[in-house]
Structure formats: C-alpha cells, structure tokens
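Let me begin by presenting the structure, written as structure tokens, before commenting on it.
Because only heavy atoms are used, hydrogens play no part in the values below, and waters and symmetry mates are left out as well, while side chains stay in. Every chain is numbered from 1 and lettered A, B, ... according to where its sequence line falls, protein lines coming before strand lines.
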Amino acid sequence: MARHLITSAIPYINGIKHLGNLVGSQLPADLFARYQRGRGHEVLFLCATDEHGTPAELAAAKAGQPVADYCAEMHAVQADIAQGFGLSFDHFGRSSSPANHALTQHFAGKLAERDLIREVSETQMYSHADGRFLPDRYIEGTCPNCGFDSARGDQCDNCTKQLDPVELINPRSVISGSTDLEMRATKHLYLRQSTMKDQLEAWIDSKTDWPVLTTSIAKKWLNDGDGLQDRGITRDLDWGIPVKRGQEDWPGMEGKVFYVWFDAPIEYIACAQEWVEAGKGQDWQRWWRTDMGAQDVTYTQFMGKDNVPFHTLSFPATILGSGEPWKLVDYIKSFNYLNYDGGQFSTSRGRGVFMDQALEILPADYWRWWLLSHAPESSDAEFTWDNFQASVNKDLADVLGNFVSRITKFCRSKFGETVPEGGSWGAQEAALMAELGQRLRAYEGHMEAMEVRKSAQELRAIWVAGNEYLQSAAPWSTFKENPEQAAAQVRMGLNLVRLYAVLSAPFIPFAADRLLEAMKCDDRSWPGDMQTALSALPVGHGFEVPEVLFAKITDEQREEWQARFAGQRS
RNA sequence: GGGCCUGUAGCUCAACGGUUAGAGCAGGGCGCUCAUAACGCCUUGGUUGGGGGUUCGAAUCCCUCCGGGCCUACCA
C-alpha cells in the first residue's frame with residue numbers, strides 16, 4: 001500500500017472563490033485523492049485557508065469586523081462550500097493557526113541559524129490617514145511616463161511601464177484616497193534564495209516528468225535577469241505571524257509579521273498538526289519528517305500557474321534551507337486559467353460563477369464533471385453555458401444516467417427489483433469484459449499520471465460501452481424467446497451500474513453514492529478481475545430503481561443563468 | 001521590452017519525427033423501442049494560423065510573420 005500526501009494550494013480568505021480557482025487546485029487534488037483512496041492507498045489530503053496579508057485586513061475593515069473574526073467566519077464559509085463540492089480534505093486548516101505560528105517562527109529561526117536570512121533597510125510608502133505602510137499596488141497616481149491618472153505604484157496599466165511608487169505624480173492611497181503619504185524607513189528580513197540557486201536548479205532539473213508549465217516557470221525565475229533574487233519575507237502589518245527566531249524575539253523586528261507567502265506553504269505542514277489536534281489522526285511527523293516515517297511518502301501538490309514560483313522555489317528554499325529532514329514535494333501539477341465566456345472571471349465585477357452560486361443552481365457533480373473534463377491543462381480553457389449544458393446533458397444525463405435508468409427499469413418490469421437468476425454469459429459478455437479491462441487500465445494510467453481530461457474521456461468511454469452492450473445484447477428482444485438469457489444480460493447490466501459507481505466516484509462522488517445506495521451495495525472495492533468485479537451483485541440481490549440521476553439543463557435555465565452571471569453580482 | 005505557453009473539423013480537444021491527422025459534441029442517414037425524445041450503427045467535415053527551411057518522411061524540429069494567453073519578483 002502506497003502512501004500519498006496531497007495538498008491543494010490554499011485559497012485566500014477574502015471571499016468566495018470562483019470556478020476557475022476551484023478547477024485550478026482543489027478539485028483536481030480531490031480527484032487524485034479520491035482515486036488513490038479508491039485504489040486502497042493511504043492518503044492524507046490537506047487544504048486550508050490563507051489568511052494573512054493586506055487584502056484580508058482590508059476585507060475585514062470593509063465588513064466592519066476585527067480581522068480575526070472576519071477570517072474565522074470566512075473560514076467556516078469556505079469550509080462549508082468545500083464540503084458542498086465534496087472536497088474530501090482530511091483536514092481544512094487555517095494558516096493563522098497556533099501550529100502555523102510556531103512552525104513558521106521555527107523555520108525562520110533555523111534559516112537564520114544557517115545564515116540564510118539577511119536584514120535589509122529600505123524605505124516604503126507610509127499613509128498617515130490609513131496608519132499603515134502601503135504595498136506598491138495600493139498606491140495610485142499619475143504615470144510619469146504616459147500621464148495616465150490611475151497608474152499603480154508597481155506598474156502603469158495604461159502604458160505597462162514598471163514603476164516605483166515614488167515616481168508617481170500626486171500619489172494617493174487606494175484604500176482611503178489620502179495624499180498624506182511619506183517615504184518612511186523600515187527594515188525587513190530577506191530569504192537568501194540566491195545562495196541556493198544551484199541547489200534548487202539541480203533539484204528542478206531532476207524532475208523530468210513534471211508538467212512543462214511547472215518547470216518552465218521555475219526556470220524562468222531561476223535564470224531571468226540576474227538569476228534568483230532574495231525575497232523579503234516580512235511585512236509591516238498587524239495581522240500575521242509575529243517575526244521571531246524560533247521562540248526568541250527578533251531585535252529590530254518588533255511589530256512586524258512574516259509575509260504571507262512565507263507562512264502560507266508552511267501551513268501545509270502545520271495543517272497536518274491541526275489534523276492531529278482535531279483528533280482525526282495520530283502522527284503527523286509520519287507524513288512530513290523523512291526521519292520519522294515519511295521516507296515512503298509520495299507528495300503531490302496541485303495549484304494554478306500563479307502559485308508555481310512559490311512552490312518550486314521559495315518553499316523548497318525554506319525546506320532545504322532549514323537543514324532538517326522535511327519531506328520535499330515529489331510532483332507539482334499545475335493548471336492554466338479558466339476563463340468565463342470570452343473574458344476573465346472577475347471577483348470585483350461579479351463576472352462568472354462563484355462556488356456558492358454554483359451549488360445554489362445545480363448539484364456539485366455537474367460542476368465537478370464539467371470542470372474536470374475541461375480542466376485547463378495544456379492552455380487556458382473557457383467556460384461557456386452552451387458548452388456546459390451540452391456536455392453535462394450528453395455525458396451525465398444521456399450516457400450515464402440513462403444507462404442506469406434503462407437497465408434498472410427494464411429489470412423491474414420483467415424480473416422485479418432483484419438481480420435475476422438463470423442463463424449464462426457468453427462471447428458477447430467476454431468481449432465486453434475484455435474491452436472494459438483494457439479501458440480500465442487506460443483510465444488507471446491517466447489517473448496515475450494526473451491527466452485529468454484524458455481520465456474523464458476514458459471514463460466516459462467506459463460508460464458508453466455499457467450502452468453498446470445493451471444495444472447489441474438487446475435483452476428486450478432476447479426476453480421474448482429466451483428469458484433465461486435475458487436474465488443473464490440484465491445481471492451484467494446491473495453489475496455494470498455498480499462498477500460505474502466505483503469507477504466514477506472520484507469524478508462524481510455524490511452520484512456514485514446514490515447509485516450504490518440504489519443497488520443496495522457497499523462494495524466499493526476497485527475492480528481487479530472483471531469477472532469478479534461484475535459478479536459483486538449476486539443472483540437474488542435486491543435493488544431499487546433510482547430517481548433520475550441527472551436532470552437535464554433546459555434551454556430556459558441556460559439562458560437565465562447566462563444573463564444572471566454576466567456581471568454585477570447581487 | 002523580455003520569457004514561456006498556445007493556434008489542428010462548425011465547437012471542445014487528441015495525435016513518442018513514421019501508414020490514409022483522430023475522438024466527443026454539433027450536422028446528415030439508418031436502426032432500436034429497455035430508457036431521461038434517451039441508446040446504437042454508418043456518415044459529411046481539416047492545405048494542422050501564413051510563409052520559408054531541415055529530413056527519406058513534419059501537426060510535431062528550425063527561422064520568420066500573424067493571432068490568443070500568461071508571467072515579469074510589494075496582490076495573493
């Protein structure tokens with residue numbers, strides 16, 4: 001039995017995520033976790049909310065809440081929605097947890113001991129009205145290059161020139177609009193990633209099976225310009241993990257916190273501690289410390305492409321730099337973006353479908369199936385309502401749902417709701433089993449390789465094989481002359497339903513549960529030998545005809561949703 | 001500006017440098033009647049964005065042009 005540690009990039013706390021966020025990390029991670037569990041392997045699947053940073057503070061202020069309360073509330077909201085989508089996290093933690101505070105400070109202490117942290121004195125824009133330092137993007141002013149009046153402190157959106165906030169003419173705070181700004185001296189800690197460049201590059205180079213998207217982004221950062229740059233890992237904020245060296249105070253760093261991108265990945269480890277604290281597990285070191293049992297763990301991370309630099313470079317620099325035997329990631333699966341109907345999803349403009357809204361209008365499995373079967377693996381993908389309606393109706397309602405319907409209803413009308421006795425399987429059934437066996441191996445291969453779209457295609461082909469079989473076996477005809485033979489064919493059909501439930505569960509877990517319930521079967525064992533797998537429901541086994549598994553999306557619904565989600569979220 | 005990804009049938013996507021570029025959907029025809037007007041079989045459809053080159057052989061490798069996207073280190 002293999003052991004799989006699986007993490008999804010942790011979603012930011014400041015609101016409900018859209019479908020693009022979902023398909024970029026949490027959903028494919030869940031697919032992989034469910035598959036590996038289905039195969040009987042030991043899985044620890046972790047995710048959390050990423051709670052620190054300026055946007056969280058601002059969102060809390062806007063909501064009129066203390067930031068800690070705001071985060072606690074939003075964590076609960078996100079956890080609830082995740083559950084609604086069937087995301088099977090073993091634990092959904094929080095980057096603000098005490099465990100992460102302690103562990104982040106621990107790593108900083110180790111890195112400092114090993115001379116991998118340096119202090120840098122710099123000046124940054126301070127806003128008196130806001131009472132805080134402002135990140136470059138939170139300062140706007142007139143572009144010195146083109147005269148655009150809403151240029152941001154890091155870059156002008158109009159002429160794309162890279163800027164320094166001090167270059168802006170008439171700079172103002174994006175938060176308050178105040179122009180009462182000054183450059184103020186401050187001091188920050190930098191992680192000396194540059195000294196680890198060769199080590200990191202050798203490690204990346206050894207990962208020849210990673211997606212191109214992952215390695216090309218990593219190499220770009222390693223070799224662009226002057227090579228890998230040191231990175232500031234502290235910020236002048238109130239909300240965050242106080243800067244300490246282990247448990248010691250850090251002279252000169254009073255009142256400062258670690259940068260979110262330093263503490264967020266560490267939460268992957270802290271989350272396992274939270275998992276134990278929550279009473280869900282026994283021994284987190286067994287998953288994370290190669291000196292304490294994690295040497296046989298395979299660790300896979302899932303994320304959108306914007307997260308790749310931090311997972312390929314910064315976090316590994318933290319792990320390797322500590323000099324301690326932490327488990328390094330084995331495989332990084334990254335995704336492109338999902339666009340919405342000709343443009344981008346936009347949180348601010350309410351454009352596109354957000355996770356809570358998606359669950360309001362349709363069951364999770366509809367979304368899971370479409371998103372996974374169209375996952376943006378090789379390039380950006382696009383959600384359109386036409387495509388969504390067509391795919392879901394065809395694949396789920398017609399191919400799978402109707403298959404279940406026709407075989408169970410036929411059996412009920414001719415033999416009752418019991419697996420019928422009599423007859424035997426012949427050449428036709430042997431051919432079907434041979435095809436299923438072959439397709440199953442292809443499906444497994446794609447799932448192991450995390451080829452999400454190809455897995456979905458193969459699964460669909462497995463469903464289709466059932467319809468082909470019924471069509472050619474035609475038990476409704478056989479029944480007229482040879483009811484025993486028809487019984488054998490129906491037995492095959494009913495057993496296919498159970499098989500499909502098991503194989504489909506990683507993609508559509510809720511429907512899979514309903515199928516197993518209808519078949520009154522709790523045998524979820526992954527098929528080995530087809531003959532055995534298709535005999536799980538024995539003669540005389542009772543079942544119930546399930547309610548319509550997937551209702552079709554109507555044209556009226558599609559049009560209504562298209563209009564509703566075009567922009568301006570209510 | 002630089003880097004990376006991408007462009008294949010009406011649509012969404014496949015195709016280790018190697019037969020005649022394949023699937024699903026949509027379109028057309030036929031069949032079936034168990035089923036959610038569902039299913040099955042057959043079928044139309046491509047100068048692989050344009051041009052040039054390497055090669056016995058190019059969707060695939062190289063150059064160039066055109067289109068789309070992403071990243072570019074203080075949003076996370």
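Comparing A:K414 and A:D395 along RNA chain B, the residue whose closest nucleotide (by nearest heavy atom) sits nearer the 5' end is A:D395.
The same atom, P, is picked in B:rA26 and in B:rC39; the two are 8 Å apart, to the nearest Å. A distance of about 36 Å separates the C1' atoms of B:rU43 and B:rC5, rounded to the whole Å. If you take atom C1' in B:rU44 and the same atom in B:rC25, they sit 15 Å apart, rounded to whole Å. With both ends at atom C1', the span from B:rU19 to B:rU54 equals 23 Å, rounded to whole Å. When the C1' atom is used for both B:rU47 and B:rA21, the distance is 13 Å, rounded to whole Å. B:rU55 sits 16 Å from B:rU60 when the P atoms are compared, rounded to a whole Å. Between B:rA9 and B:rA15, the distance separating the two P atoms is 15 Å to the nearest Å. Comparing the P positions of B:rG50 and B:rG24 gives a spacing of 26 Å, expressed to the nearest Å.
Candidate nucleotides B:rA15, B:rU12, B:rC39 were compared by shortest atom distance to the side chain of A:H374, and B:rU12 ranks first.
Between A:F92 and A:H75, the ring-plane angle classifies as parallel under the 30° and 60° cut-offs. The aromatic rings of A:H374 and A:W370 sit parallel to each other, their planes meeting at less than 30°, with 60° as the upper class boundary. The aromatic rings of A:W385 and A:W367 sit perpendicular to each other, their planes meeting at more than 60°, with 30° as the lower class boundary.
Taking atom CZ on A:F335 and atom C1' on B:rC13, their separation rounds to 16 Å, with Å as the unit. Counting to the nearest Å, the C1' atom of B:rA76 and the CZ atom of A:R152 are 12 Å from each other. Between A:W239 atom CH2 and B:rA76 atom P there is a gap of 15 Å when expressed in whole angstrom units. Whole-Å rounding puts the A:L371 CG to B:rU12 P distance at 17 Å. The interatomic distance linking A:E458 (CD) with B:rG24 (P) rounds to 12 Å, in whole Å. Distance A:I462 CD1 to B:rG24 P: 15 Å, rounded to the nearest Å. For the pair A:D341 CG and B:rU12 C1', the interatomic distance rounds to 15 Å; values are reported in whole Å. Between the C1' atom of B:rU12 and the CH2 atom of A:W369 lies a distance of 13 Å, rounded to the nearest Å.
Here the closest heavy-atom approach between residue A:S25 and residue A:M303 is recorded as CB-CA, 3.9 Å. Closest non-hydrogen pair, A:L470 versus A:P475, comes out as O-CD, 3.7 Å.
For A:K220, the side chain to side chain contact (heavy atoms under 4.5 Å, CB included) test picks out A:D224, with sequence neighbours left out.
Listed by first residue number, the stems of RNA chain B with at least three Watson-Crick or G-U pairs below 3.5 Å are B:1-7 with B:66-72, B:10-13 with B:22-25, B:27-31 with B:39-43, B:49-53 with B:61-65.
A:T408 comes within 4.0 angstrom of no nucleic acid atom, judged by non-hydrogen atoms across all strands. Within 4.0 Å of A:S378, counting heavy atoms only, lie sugar-phosphate atoms of the nucleic acid but no base atom. Residue-level contact check: A:V308 touches neither bases nor backbone, having no heavy atom under 4.0 Å from any strand.
Residues in residues 395-418 of chain A take part in these ring-ring contact (aromatic ring centres under 6.0 Å, His included) pairs, two or more places apart or across chains: A:F403-A:Y500, A:F415-A:F479.
Side-chain contact annotation: A:Y469 with A:E429, donor-acceptor N/O pair under 3.5 Å present. Looking only at atom types and distance, the side chain of A:K256 has a donor-acceptor partner in the side chain of A:T186 under 3.5 Å away.
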query = Under the ring-ring contact (aromatic ring centres under 6.0 Å, His included) criterion, do A:Y268 and A:H311 qualify, and how do the steps go?
reply = CA-CA 11 Å; A:Y268 291 142; A:H311 288 80; 5.6 Å; yes
message = For a side chain to side chain donor-acceptor pair (under 3.5 Å) check, start with the C-alpha distance between A:Q193 and A:S314, then their side-chain angles and the critical distance, and finish with the verdict.
response = CA-CA 7 Å; A:Q193 301 182 134; A:S314 306; 3.0 Å; yes
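The pair A:E51-A:R94 counts as a salt bridge, with a side-chain nitrogen and a carboxylate oxygen less than 4.0 angstrom apart.
Cation-pi geometry between A:K333 and A:F335 is satisfied (NZ or CZ under 6.0 Å from the ring centre, within 45° of the ring normal). Under a cutoff of 6.0 Å and an axis angle of 45°, A:K17 and A:F354 do not form a cation-pi pair.
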Mind listing the N/O atom pairs, protein and nucleotides 35-37 of chain B, below 3.5 Å?
from: B:rA35; atom 1: O3'; to: A:S405; atom 2: OG; distance (Å): 3.3
from: B:rA35; atom 1: O2'; to: A:N402; atom 2: OD1; distance (Å): 2.2
from: B:rA35; atom 1: O2'; to: A:S405; atom 2: OG; distance (Å): 3.4
from: B:rA35; atom 1: N3; to: A:N402; atom 2: ND2; distance (Å): 3.2
from: B:rA35; atom 1: N3; to: A:R406; atom 2: NE; distance (Å): 3.2
from: B:rU36; atom 1: OP1; to: A:K409; atom 2: NZ; distance (Å): 2.3
from: B:rU36; atom 1: N3; to: A:F550; atom 2: O; distance (Å): 2.8
from: B:rU36; atom 1: O4; to: A:L549; atom 2: N; distance (Å): 3.4
from: B:rU36; atom 1: O4; to: A:F550; atom 2: N; distance (Å): 3.1

Expected rows: protein N/O vs nucleotides 7-11 of chain B N/O, under 3.5 Å:
none

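Side-chain rings of A:F133 and A:Y126 approach one another, their centers coming within less than 6.0 Å.
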key: Per-nucleotide protein contact string for nucleotides 65-74 of chain B, where B marks a base within reach and S marks sugar-phosphate only (heavy atoms under 4.0 Å, - for neither)   = ----SSSSBB
